[in-house]
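Just below is one structure, and these are the notes that go with it.
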There are 2 protein chains.
Amino acid sequence: MECFTGLEISPKKVEYLKFLFKKDETVRTTDISSELNVDPSTTTKTLADLAAQGYVDHVPYRGVRLTEKGKEYARFLVHRHNILSLLLTHYGLSAKESCHEVSRFEAYVSRNAIEKICASMGHPTVSVCGKISHGSCSIGEHS
Amino acid sequence: MECFTGLEISPKKVEYLKFLFKKDETVRTTDISSELNVDPSTTTKTLADLAAQGYVDHVPYRGVRLTEKGKEYARFLVHRHNILSLLLTHYGLSAKESCHEVSRFEAYVSRNAIEKICASMGHPTVSVCGKISHGSCSIGEHS
DNA sequence: ATATAATATTGGTATTTATCCAAACTTTTT
DNA sequence: AAAAAGTTTGGATAAATACCAATATTATAT
């Protein structure tokens, strides 16, 4: 557990995992493709990478789902997105702007930074892109 | 003037321009290479790209310097770095951490966001990585 | 002023991330 | 079972980054 920096996967793969987390069930290649606006063959290939890294289980022609590791990681990814989006709204960006802005750079923000920002904000529970859970923070960890 | 989004150049090129801006004179390939820890041949090639995009003038075997466009752009790049670094220190990151963290994602933060953040902070004049000038903001523009 | 050293560029190659298309394959539907 | 829908494979491409070896240029030293 908790042995990740937040920088292990590429920007696009972050989107895949966040989507998978949101769906919380077995998802089909086409679902991902239409959500992310990429060719199904691109999805298949990306899924192969994510499976090789242990984030998803992919059964060809059947579907994908997050592994336990993938779930834990995706929980962090969503949390990071929410914290950063919330942060930007504190500086005059609209909810939509913040969310969009964050999507561009979130993959490069470390877990360490997010934990500090989150703590500094008092572990907020609501963001502009949805509720915030703290399962990936010090707080909320089943400790 | 001011017709850029802040997203026109890649992360590594941002570093080249910031360095060139800092030196503020003709710089040699080797200077850049040792600063950025890349092979001189890599520098030469990157410089060719930057020249093609109009940010630098490169005289082979002689050196590089920013064009006017490059200077204006680099001014923004430095400003962006400073604003973001300052921002992170407000959330419990040390100066060094902030600077390092920001270096990873700054290339993906838009000018629009920076202007809003800067305004929201009251156009601060000191950051953790140096003084902040506002030549790339609404404020400070010779208007 | 010329050999040598230092610096820079070119050409070739590689990796990572991301993407598409066409063809082949599997599953579902009719 | 045939057709349609969905998925995967194979082949290609592009951008960003980077290295090495070879070549070219400039500077230095004698």
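Chain naming here is simple, since letters A, B, ... match the order of the sequence lines and numbering starts at 1 in each.
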Let me check something: do A:Val128 and A:Leu93 share a hydrophobic cluster, defined by ILVMFWY side-chain heavy atoms less than 4.5 Å apart, either directly or through other members? no

Does one hydrophobic cluster hold both A:Leu36 and A:Val102, with members joined at side-chain heavy-atom distances below 4.5 Å? yes

Identify the two heavy atoms, one from A:Glu101 and one from B:Ser110, that lie closest to each other, and give their separation to 0.1 Å. OE2-N, 2.6 Å

Can you tell me if B:His58 has over 12 outside heavy atoms packed within less than 6.0 Å of its NE2? yes

Within a radius of less than 6.0 Å around CZ of A:Arg65, do more than 12 heavy atoms belonging to other residues, nucleotides or ligands occur? no

Evaluate A:Ser85 against A:Ser127 for side-chain hydrogen bond (donor to acceptor under 3.5 Å, both in side chains), listing each step before the verdict. CA-CA 7 Å; A:Ser85 293; A:Ser127 180; 5.2 Å; no

Within the side chain of B:Asn112, is there an N or O that forms a donor-acceptor pair under 3.5 Å with the backbone of B:Thr5? no

Interatomic distance where [atom1] belongs to [X] and [atom2] belongs to [N] [whole Å]:
{"X": "A:Arg104", "N": "C:dA18", "atom1": "CZ", "atom2": "C1'", "value": "18 Å"}
{"X": "A:Asp31", "N": "D:dG6", "atom1": "CG", "atom2": "P", "value": "10 Å"}
{"X": "B:Ile32", "N": "D:dT17", "atom1": "CD1", "atom2": "P", "value": "14 Å"}
{"X": "B:Leu36", "N": "D:dC19", "atom1": "CG", "atom2": "P", "value": "11 Å"}
{"X": "B:Lys45", "N": "D:dA18", "atom1": "NZ", "atom2": "C1'", "value": "9 Å"}
{"X": "B:Lys13", "N": "D:dA18", "atom1": "NZ", "atom2": "C1'", "value": "13 Å"}
{"X": "A:Asn37", "N": "C:dC20", "atom1": "CG", "atom2": "P", "value": "9 Å"}
{"X": "A:Asp39", "N": "D:dG11", "atom1": "CG", "atom2": "C1'", "value": "13 Å"}

Go nucleotide by nucleotide along DNA chain D from the 5' end; which of B:Ser41 and B:Asp49 gets its closest nucleotide reached first? B:Asp49

Between B:Thr29 and A:Ser10, which residue's closest nucleotide on DNA chain C lies nearer the 5′ terminus? B:Thr29

Side-chain donor-acceptor pairs of residues 44-54 of chain B under 3.5 Å, sequence neighbours excluded:
from: B:Thr44; atom 1: OG1; to: B:Pro40; atom 2: O; distance (Å): 3.2
from: B:Thr46; atom 1: OG1; to: B:Tyr16; atom 2: OH; distance (Å): 3.4
from: B:Thr46; atom 1: OG1; to: B:Thr42; atom 2: O; distance (Å): 2.9
from: B:Asp49; atom 1: OD2; to: B:Lys13; atom 2: NZ; distance (Å): 3.4

So if I take residues 52-65 of chain B and measure heavy-atom distances to DNA chain D, which residues fall below 4.0 Å? B:Tyr61, B:Arg62

Within residues 19-28 of chain A, which residues have any heavy atom lying less than 4.0 Å from an atom of DNA chain D? A:Arg28

At less than 4.0 Å, is any side-chain N or O atom of B:Thr44 found next to OP1 or OP2 of C:dT9? Yes or no. yes

Is B:Lys12 close enough to D:dA18 that one of its side-chain N or O atoms is under 4.0 Å from OP1 or OP2 there? yes

Report yes if the side chains of B:Ser103 and B:His81 come closer than 4.5 Å at any heavy-atom pair, otherwise no. yes

